[in-house]
Amino acid sequence: MNGRLSRYHRSCKSLLPMCLGHQASTWSTSKTALPSPAPTCLSPSLSSTSAGCLPPPPPTTTAAVGHGIEPSFLSEVMKVTRGFYELPLEEKQKYSNLANGNEFKHEGYGNDMVVSEKQILDWCDRLYLLVEPESRRDHSLWPTQPPSFRDVLHEYTVRCREITSLVLARLARLLGLREGYFVDMFDEDATTYARFNYYPRCLRPEDVLGLKPHSDGSVITVVSVDDTVSGLQVLRQGVWYDVPVVPNALLINMGDGMEIMSNGLLKSPVHRVVTNAERERVSVVMFYALDPEKELEPAPEMVDDEKRPRQYAKMKIKDYLSGFYETFARGTRVIDTVKMSE
Ligand SMILES: O=C(O)CCC(=O)C(=O)O
Ligand SMILES: [Fe+2]
């Protein structure tokens, strides 16, 4: 651990409790349509599956403000994001995710993958970039405008990695595993993608979603949300809850990888983004995934044949991730394909 990280550890001992919702601000239920059928036990915070038997309590916020990143730097991250989206279209298209005008690539600027003509498109532009491992960055896709974009993204990557390692260490402890259990899994081939989302104003917000319901295919996700415009919602037992806007907070989200490795003890919440007619919105999302050549499965320590049988089948991470993009486009969840029947 480098000096900066250990200083960081000392300075934000309280990060995890905040991340896990002990420092709660109230989440409100959404007035928008309820989905059906209602799933059970989808939680944005830690919950045991027995919660499925209870009426749905409002989730508590996972917004962490004691994370150690200065508000001025978070504003800088948002500023370069807005700056990029304010560029003329032809400038942004220099980083297009369509090779030769029609071949979809994950990295770059544009829309998400389209797999069928019937697919309802999300009201969202995105710039998607691999940031780790550093050696695999494709700088031809990293915007040169605004001029500080690249430096800010590099610095943000370093800072978010520190926070993620700390959160992963605390999560391992919480699950009764040794602290380094998850952190050590993130070797030099583990991948991190940054996703810059831009949701324009939408004149028919009741008909169009910014981002359709999904859970993240990562192990863990760090989200920096627009601190003036809400829109992110989390599904819990059939009810959509608005995630409150907390200035300078980072939102820590469990991804499918963590749900699987914890054998279902930590849930990867279904979430979506709604649009609004008044204000555009941006967010910056960091997705932490393991080495694509590794396999994803419940940690043996989390499986107990009597008390907590294995709930997910093994799958190669690269297969999981490619299945993820496909199912995301179709509005289904790849995690459902590895769930074992009772
Ligand atoms: O825009 C947001 O607040 C969240 C975006 C999100 O869920 C994603 O990019 O996976
Ligand atoms: Fe997401």
Side-chain angles (χ1 to χ4, degrees), residues 27 30 32 42-45 59 61-64 74 77-78 81-82 84-85 97 106-113 121-131 153 156 160 164 191-202 205 208-236 240-259 266-276 279-289 320-321 324-329 331-335:
W27 292 39
S30 160
T32 45
L42 290 165
S43 163
S45 58
T61 180
T62 53
L74 279 182
V77 173
M78 288 309 187
T81 305
R82 287 199 192 88
F84 172 75
Y85 281 110
N97 61 0
H106 291 298
E107 276 195 83
Y109 164 74
N111 297 113
D112 281 315
M113 184 159 83
L121 301 182
D122 294 327
W123 199 252
C124 170
D125 272 7
R126 45 84 127 173
L127 172 67
Y128 198 57
L129 297 172
L130 179 135
V131 291
L153 178 54
Y156 189 60
C160 282
T164 300
T191 58
T192 309
Y193 282 89
R195 178 175 168 129
F196 299 81
N197 290 310
Y198 172 71
Y199 308 94
R201 290 187 316 126
C202 176
V208 184
L209 285 171
L211 214 51
K212 66 175 88 57
H214 66 281
S215 57
D216 295 339
S218 54
V219 171
I220 196 166
T221 306
V222 177
V223 192
S224 179
V225 284
D226 201 310
D227 59 10
T228 52
V229 192
S230 62
L232 178 59
Q233 298 184 333
V234 175
L235 183 64
R236 185 181 165 103
W240 287 104
Y241 292 90
D242 291 325
V243 175
V245 168
V246 181
N248 305 316
L250 290 173
L251 205 85
I252 311 288
N253 211 10
M254 299 301 122
D256 291 355
M258 184 55 86
E259 177 167 332
L266 299 172
K267 298 293 180 196
S268 169
V270 171
H271 52 286
R272 69 178 185 183
V273 178
V274 293
T275 51
N276 78 83
R279 303 275 307 273
E280 57 188 27
R281 177 177 183 274
V282 291
S283 64
V284 180
V285 189
M286 304 289 272
F287 297 102
Y288 292 88
Y320 195 92
L321 292 178
F324 176 83
Y325 294 120
E326 178 86 19
T327 50
F328 175 77
T332 58
R333 294 179 77 196
V334 65
I335 195 167

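Atoms within each ligand, like the ligands themselves, are counted from 1 in listed order.
The shortest contact between atom 3 (O) of ligand 1 and any protein heavy atom is with R281 NH2, 2.9 Å. For atom 10 (O) of ligand 1, the nearest protein heavy atom (residue, atom name, distance) is H214 NE2, 3.1 Å. When hydrogens are left out, the protein atom nearest atom 9 (O) of ligand 1 is N197 ND2, 3.1 Å; that is the closest non-hydrogen contact.
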### Query
Under the side-chain hydrogen bond (donor to acceptor under 3.5 Å, both in side chains) criterion, do S230 and D242 qualify, and how do the steps go?
CA-CA 8 Å; S230 62; D242 291 325; 6.0 Å; no
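For D226 and R82, the salt-bridge test passes: some basic side-chain N is under 4.0 Å from an acidic carboxylate O.
Protein atoms that are N, O or S and lie under 2.8 Å from the Fe ion (ligand 2) are these: H214 NE2, D216 OD1, H271 NE2.
Ligand-side atoms of ligand 1 in range of H271: 7 (O), range being under 4.0 angstrom from any heavy atom. In the vicinity of F287, heavy-atom distances shorter than 4.0 Å reach the ligand 1 atoms 8 (C), 9 (O), 10 (O). Per-residue contacts place Y199 under 4.0 angstrom from the following atoms of ligand 1 (heavy atoms of the residue considered): 1 (O), 2 (C), 5 (C). Below 4.0 Å from some heavy atom of V225 lie the following atoms of ligand 1, by number and element: 3 (O). Atoms of ligand 1 found under 4.0 Å from any heavy atom of V273, numbered from 1 in the order shown, are 1 (O), 2 (C), 4 (C). Annotation for ligand 1: atoms under 4.0 Å from non-hydrogen atoms of R195 are 9 (O). In the vicinity of D216, heavy-atom distances shorter than 4.0 Å reach the ligand 1 atoms 10 (O).
The shortest heavy-atom contact between R236 and Y241 is CB-CE1, 3.7 Å. Taking both residues in full, the closest heavy atoms of V208 and W123 are given as CG1-CB, 3.5 Å, listed atom of the first, atom of the second, then distance. When all heavy atoms of V222 and Y288 are compared, the pair lying nearest together is CG2-CE1, 4.0 Å. When all heavy atoms of L129 and L153 are compared, the pair lying nearest together is CD1-CD2, 3.8 Å. When every heavy atom of P205 is checked against every heavy atom of N276, the shortest pair comes out as CB-CA, 3.9 Å. Summarising the geometry of S215 relative to S268, their closest heavy-atom pair is CB-OG, 3.3 Å, with the distance given to 0.1 Å.
Using the six-membered ring where Trp is involved, H106 and Y128 have ring planes that are perpendicular, over 60° apart on the 30 and 60° scheme. Using the six-membered ring where Trp is involved, F328 and H214 have ring planes that are perpendicular, over 60° apart on the 30 and 60° scheme.
Within the 4.0 Å heavy-atom criterion, neither part of V243 lies near ligand 1. With a heavy-atom cut-off of 4.0 Å, L211 touches ligand 1 through its side chain alone. Residue R126 does not touch ligand 1, judged by heavy-atom distances below 4.0 Å.
The closest side-chain heavy-atom distance from V270 to R333 is below 4.5 Å. Residues V229 and E280 are not in side-chain contact: their nearest non-hydrogen atoms beyond the backbone lie 4.5 Å or more apart.
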